[in-house]
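Note that these values count all heavy atoms, side chains included, but never hydrogens, waters or copies made by symmetry. Chain letters run A, B, ... following the sequence lines, proteins first, then strands; residues in each count from 1.
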Amino acid sequence: MSKIGIVIQREYCERVTKKSFIITTILMPLLMVALMVIPTIIMTMVGPSETTVLVIDKSNKIFQKLESNEDVKFIHTSEPLDSALAREDVGAVLVIPENIIEARGLALKYYSNGPSSMTTESLITRQINDAVEADRLKSYQIDDLAKILDDVHSDVALSTLRNDKDSEEATSSGLSYGIGIMMSLTLYMFLLIYGQMVMTSIIEEKNNRVLELVVSSIKPAQLMMGKILGVTLVALTQILIWGVLITCMSAFLLPALLPAEAMQDVAAVQAGNFAAVSNTENLEIIQAVSLLGSVGYVIKLFGLLTLFLMTGFLFYAAIYAAIGSAVDNIQDAGQLQTVIVVPVIFGFIFAMTAAADPSSSLAFWMSIIPFTAPMVMVARIPFGIPGWEIALSLVLLIASFVGMVWLAGKIYRVGIFMYGKKPTFKEIIRWVNYK
Amino acid sequence: MDILQVENVTKAYASHVALDNVSLNVPQGCVYGLLGPNGAGKTTLIRIINHITAPDSGRVILDGHPLTQNDVEHIGYLPEERGLYKKMKVGEQAVFFARLKGLSKHDATIRLKQWFDKFDISNWWDKKVEELSKGMAQKVQFIVTVLHRPKLLIFDEPFSGFDPINANLLKEEILQLKNEGATVIFSTHNMSSVEEICDNITLINKSRNILSGNVDELRRRFFGNRYDLTFNGDARALMEKLLPVAGEFTLGEPDGQGREHISLHLNDGASLRDLITIANENVNLAGFNESISSMNDIFIRAVKESESTTEN
């Protein structure tokens, strides 16, 4: 086995057998599922918190049209305001004035015991407005009003199909947005967490004084490369395990969670048969589910994510390695690390704008420039961008990774023997020219 | 035959010159001392020999050919700054380093077991390094250095971190390795620690090789024909009387019994008998010895001489 191989093996085995690695690798996906499922379970178990609203309807026209639901329960009262306000068994008191039908721009008084929720407030205003509108319409005395209104009512949803693709596949920009941001966030996390790992492990070797022993057997640049590749493999192992777990969940868990009739719709969408979809109101959700439930799609996304994770990580890990070699402890690394953290954060910010408008020229350029490319590109990928853009971005990323490794190797080789003084950027740049 | 030749090696860093045109030859099968004060450039030279850093100019020849990366498999290096991976198990770690030196996993394991048995530390195999004491870690480091049976062994300040027992063990093992045919280079600023085992030395001071050669020859060259006299009497008067046969007097402090000390150099061609006769006639001679000079004295003299020549 080559010497780099031996170093890779050591780095990989040391990290993968760590308890913390095994635990986070298995727990993270479970935690994510738990985050989605637990609120639902709590909701069903505890039930909605119902607000009782005492209504003093001076107009006598509104109360009978207010509909109680699981959030709000309306109770009519003829008590005067003072005694109503004194009651402690109700959540709120609502006063409807006599002139509510005729008056314009009224502000109704809503006395709440304790904090009032925005959902409740908007529900109450909507119901009252509906009631007032209905009453006013009625005063025009139009025949068959209800039927006319029903006719007039429109309920349109957008179901987007890609025209520029070979196969007519269903897309949903809402879902793409969500997936894009998720992938970008994953990448962002991996770059920073695993990059930091490369750096701290180099600083540790330096502090342990084990480095001099290692570099007497292997070239410093080889050692650095072995370390970077070893950690990259660890990151890939983790993301692949997550990928498999998530794919399994999307393949088996989603169908189990959704009601059967929704699944029929999902199957219809997957088959490209939109006409068969019975429930147009939830089209967006059904499209989302159908996409996530299609294993091929998930694997394709994951493959690209992994590819960008790997190339992006190699690129940034090289910078992390150079910084780690230049300093004696993590504290000193802080200022130098801005070189990495700033572009990565910018990358994530651009990724969010790119997910909102994936075909803008800003999104395009940011997904080509290597510093921001990994984050921005994965945010755009779910929208289905041309293959040549992905290829160009990858090629540039790999090229700049090679360049960066060369540069980092030059710095590393000098930096690992520098103890004591914290170097400035200027000094580090000068190291590159040492023989 | 010389196993190692360093030819006109120069290495400069941004702020200082670490090595200035240094040349030296290490004969096969000897113990070679690389001596010099801290900061003289010894470690830089050792790193160049180990192919860790490259010289700005000059070259290193090992076994008759210019040094390449593959040659490091024939070199065993115990750095001054030594450490091990703290979280790794002792056995795994030793195998790791042995494999980096080109041994197969299988060979490394067999040889390691032998060494561990020899040092009676077999039960450490599965211990983590952080559980070991410093002395224990030193034994492991020594084994890692010699495991691949290198032709050339380099020890940088070998005795500085070792406790006396391990230092002794180290000395014995090194002489054993020398008997088996290995060449050993020692680097140290503590001259007395190695003079008894070194055959040849090089003194490095302020980035330059100021003195190279066989230890016995150097002793003779620097301190041959020097004698110490202890007596009761007038030291200055004696020195005047001795001028025809001796020179380079140094007057020591009188001891508790009022006896004077003089150290002197017998002139070439003068006889020792004359010297003693003159001394006997003039003072009450209490002691007469040939000076035993240490490497330390040689070093101090060599440094003074080299500095005066540089100034001139």
**Report entry** Pair A/Trp242 and A/Phe190, ring centroids less than 6.0 Å apart
**Finding:** yes

Requested in this report: Return the set of residues passing side-chain contact (heavy atoms from CB on, under 4.5 Å) with B/Val129 (not counting sequence neighbours), or none when no residue passes.
Outcome: B/Leu84, B/Val90, B/Gln93

Report task. Heavy-atom pairs under 4.5 Å with chain A are the metric here; pick the option from B/Leu78, B/Ile75, B/Leu100 that has the most. Result -> B/Leu100

Requested in this report: Taking B/Ser23 for its side chain and B/Asn8 for its backbone only, find out whether a donor-acceptor pair lies under 3.5 Å.
Outcome: yes

Query raised in the report: Do any N or O atoms from the side chain of A/Lys206 and from the backbone of A/Gly415 form a donor-acceptor pair under 3.5 angstrom?
Result: yes

Query raised in the report: Is a side-chain donor or acceptor of B/Asp56 paired with a backbone partner of B/Ala12 at a separation under 3.5 angstrom?
Result: yes

Query - Side chain, backbone, both or neither of A/Val414 within contact of chain B (heavy atoms, under 4.5 Å) - result: neither

Query - Heavy-atom pair count under 4.5 Å with chain A, highest-scoring of B/Lys86, B/Lys87, B/Gln141, B/His51 - result: B/Lys86

Report summary line: Bottom line for B/Glu73: the part with an atom under 4.5 Å from chain A's heavy atoms is side chain

**Report entry** Top of B/Phe97, B/Tyr85, B/Phe96 for chain A proximity - count of heavy-atom pairs under 4.5 angstrom
**Finding:** B/Tyr85

